[in-house]
Amino acid sequence: MDGDSDLTPLPNGWQRALVIMAHPDDPEYGVGAAVATWTAAGKDVRYVLGTRGEAGIAGMQPDESARVREAEQRRAIAHVGVSELEFLDHRDGTIEYSSILRRDIAETIRRHRPEFVVTMNFHETWFPGAWNSADHRAFGLAVMDAVSDAANEWIFPDLSDDGFEPWAGVHHVAVNSPAGTHAVEVSDGVDAAIASLVEHAQYLAALSGDPILDQATRQVLSVTGGPDASKRYVRFDLYNM
């Protein structure tokens, strides 16, 4: 890729992607610019979130936080061309890797029938010295396994009984990672990604006293190459399924 010889372009021969992450704001923190780029090119991108983020705002009761964060997420997706959003309603902060979680994710994959799945870094660290959250680790690993579960008629056969037939059409899973070896060029999607993250205003206000736009701009620029990059990329680890 021009300017980043170490990066390989992500596959582009897909039409529908499912972004499956643990919390409201997870897509905006990492892949919003990529999503905006894909939808601008006519791709169908949908979001599935494991929780409603009810444990995410200090000092706010979980029921109210869930209501606020769902509303923020619904406003956020409009900026990046996404119209379909659903929540699996697992408990924020205590997600556990389990067959129940895998089944829920497999059901969504069978129902939406994507060719491309996007999830968040599920390794122990986000980058050296930055510990990744328990929810991200458990949820991302379940996403990887649920892609295979969705394709196998003998895993969760009750899904077929409920009308969700096996789906083996996921060809790739892209895991957002600052050290990823694959990337999509997103220079034209940065403004949309910033606007999308700004919609998480109450969540961001609880994290820092800095202006919301400043926080959002710093985050999006940092994950797309830094403040001085001439071209911007979102990086992923790519898994062929």
From CA spacing to verdict: side-chain contact (heavy atoms from CB on, under 4.5 Å), T51, D89: CA-CA 5 Å; T51 77; D89 286 326; over 6 Å; no
One pair to check against side-chain contact (heavy atoms from CB on, under 4.5 Å): E28 and H200. What are the steps and the verdict? CA-CA 9 Å; E28 287 70 45; H200 294 277; 2.9 Å; yes
Run the side-chain contact (heavy atoms from CB on, under 4.5 Å) test on Y233 and V186 for me, step by step, so that the C-alpha distance in whole Å, both residues' side-chain angles and the decisive distance to 0.1 Å come before the verdict. CA-CA 5 Å; Y233 300 89; V186 298; 5.5 Å; no
What verdict does the side chain to side chain donor-acceptor pair (under 3.5 Å) test give for E86 and H112, after you've listed the backbone C-alpha separation in whole Å, the side-chain angles of each residue and the deciding distance to 0.1 Å? CA-CA 11 Å; E86 65 181 72; H112 290 281; 2.7 Å; yes
Begin with the C-alpha distance, continue with both residues' side-chain angles, and end with the deciding distance and a verdict on side-chain contact (heavy atoms from CB on, under 4.5 Å) for T181 and L238. CA-CA 8 Å; T181 58; L238 185 70; 6.0 Å; no
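Ionic pairing of E115 and R16 is not present here: no N-O contact between side-chain nitrogen and carboxylate oxygen is shorter than 4.0 angstrom. Using a 4.0 Å cut-off between charged side-chain N and carboxylate O, R102 and D145 make no salt bridge.
No side-chain heavy atom of H172 sits less than 4.5 Å from a side-chain heavy atom of L10. Residues L197 and L204 meet the side-chain proximity criterion, which asks for heavy atoms closer than 4.5 Å. Using a 4.5 Å cut-off on side-chain heavy atoms (C-beta onward), V31 and M21 make contact. Contact of the P24 side chain with the F87 side chain is registered, since non-hydrogen atoms from C-beta on lie closer than 4.5 Å. W126 places a side-chain heavy atom less than 4.5 Å from the side chain of M120. Looking at heavy atoms from C-beta onward, M241 lies out of side-chain contact with H171 at the 4.5 angstrom threshold. Residues I20 and F139 have side chains in contact (heavy-atom distance under 4.5 Å, counting atoms from C-beta outward). Side chains of E185 and V234 form no contact here, defined as non-hydrogen atoms less than 4.5 Å apart.
H123 and N132 form no side-chain donor-acceptor contact under 3.5 Å, judged by distance and modelled atom types alone. Using modelled atom types and a 3.5 Å distance limit, the side chains of Q73 and E199 yield no donor-acceptor pair.
Within the model, atoms CG of L88 and CZ of R103 stand 11.5 Å from one another, a figure rounded to the nearest 0.5 Å. Interatomic distance, T39 OG1 to R46 CZ, rounded to the nearest 0.5 Å: 13.5 Å. In this structure, CZ in R67 is found 10.5 Å from CG in D63, a value given to the nearest 0.5 Å. Taken from OG in S196 to CD in E72, the straight-line distance is 11.0 Å, to the nearest 0.5 Å. Separation of atoms CG (N121) and CZ (F236) is listed at 12.0 Å; rounding is to 0.5 Å. Distance check, rounded to the nearest 0.5 Å: CD of E107 to CG of D162 gives 7.0 Å.
Under a 3.5 Å cut-off, the side chain of R91 and the backbone N or O of E96 do not form any donor-acceptor pair. At least one donor-acceptor pair under 3.5 Å links the side chain of S65 to the backbone N or O of G53. A donor-acceptor contact shorter than 3.5 Å links the side chain of K43 to the backbone of N12. Judged by distance alone, with hydrogens and angles left aside, the side-chain atoms of D135 form a donor-acceptor pair with the main-chain N or O of I95 at under 3.5 Å. Judged by distance alone, with hydrogens and angles left aside, the side-chain atoms of R69 form no donor-acceptor pair with the main-chain N or O of R52 at under 3.5 Å. In this structure, T119 contributes its side chain and V143 its backbone to no donor-acceptor pair below 3.5 Å. For the pair N176 (side chain) and R235 (backbone), a donor-acceptor distance under 3.5 Å is present. With hydrogens and angles ignored, the 3.5 Å screen pairs a side-chain donor or acceptor of E54 with a backbone N or O of D92. Checking side-chain atoms of T224 against main-chain N and O of V220 turns up a donor-acceptor pair under 3.5 Å.
No path of Ile, Leu, Val, Met, Phe, Trp and Tyr side chains, each step under 4.5 Å between heavy atoms, connects V118 with V223, placing them in separate hydrophobic clusters. In this structure, L221 is a member of the same hydrophobic cluster as V198, with clusters built from ILVMFWY side-chain heavy atoms closer than 4.5 Å. Note: the hydrophobic cluster containing V175 also contains V117 (ILVMFWY, side chain heavy atoms under 4.5 Å, direct or indirect links). No single ILVMFWY cluster, assembled from side-chain heavy atoms under 4.5 Å apart, contains both I77 and L18. Note on V48 and Y239: same hydrophobic cluster, where clusters join Ile, Leu, Val, Met, Phe, Trp and Tyr whose side-chain heavy atoms are under 4.5 Å apart, directly or indirectly.
Of all non-hydrogen atoms in A150 and I109, the two that sit nearest each other are CB-CG2, 3.6 Å. The two atoms that bring G32 and V80 nearest to each other are O-CG1, 3.7 Å, heavy atoms only. What you find for A206 and I57 is that their closest heavy atoms are CB-CG2, 3.9 Å. Minimum interatomic distance between A106 and F156 (heavy atoms only, all atoms of both residues): CB-CD1, 4.4 Å. I194 and L213 make their closest contact through CG2-CD1, 3.8 Å (heavy atoms, listed as atom of the first residue, atom of the second, distance). A193 approaches A33 most closely through the heavy-atom pair CB-N, 3.4 Å.
Dense packing is recorded around CG of L207, with more than 12 heavy atoms of other residues, nucleotides or ligands lying under 6.0 Å away. With a 6.0 Å radius and a threshold of 12 heavy atoms from other residues, nucleotides or ligands, W154 has its CH2 atom at or below the threshold. Heavy atoms of other residues, nucleotides or ligands lying less than 6.0 angstrom from CG of D210 number more than 12.
Among residue pairs with one or both ends in residues 20-59, those qualifying as ring pair (Phe, Tyr, Trp, His ring centres under 6.0 Å) are W14-W38, H23-H136, W38-F116; sequence neighbours excluded.
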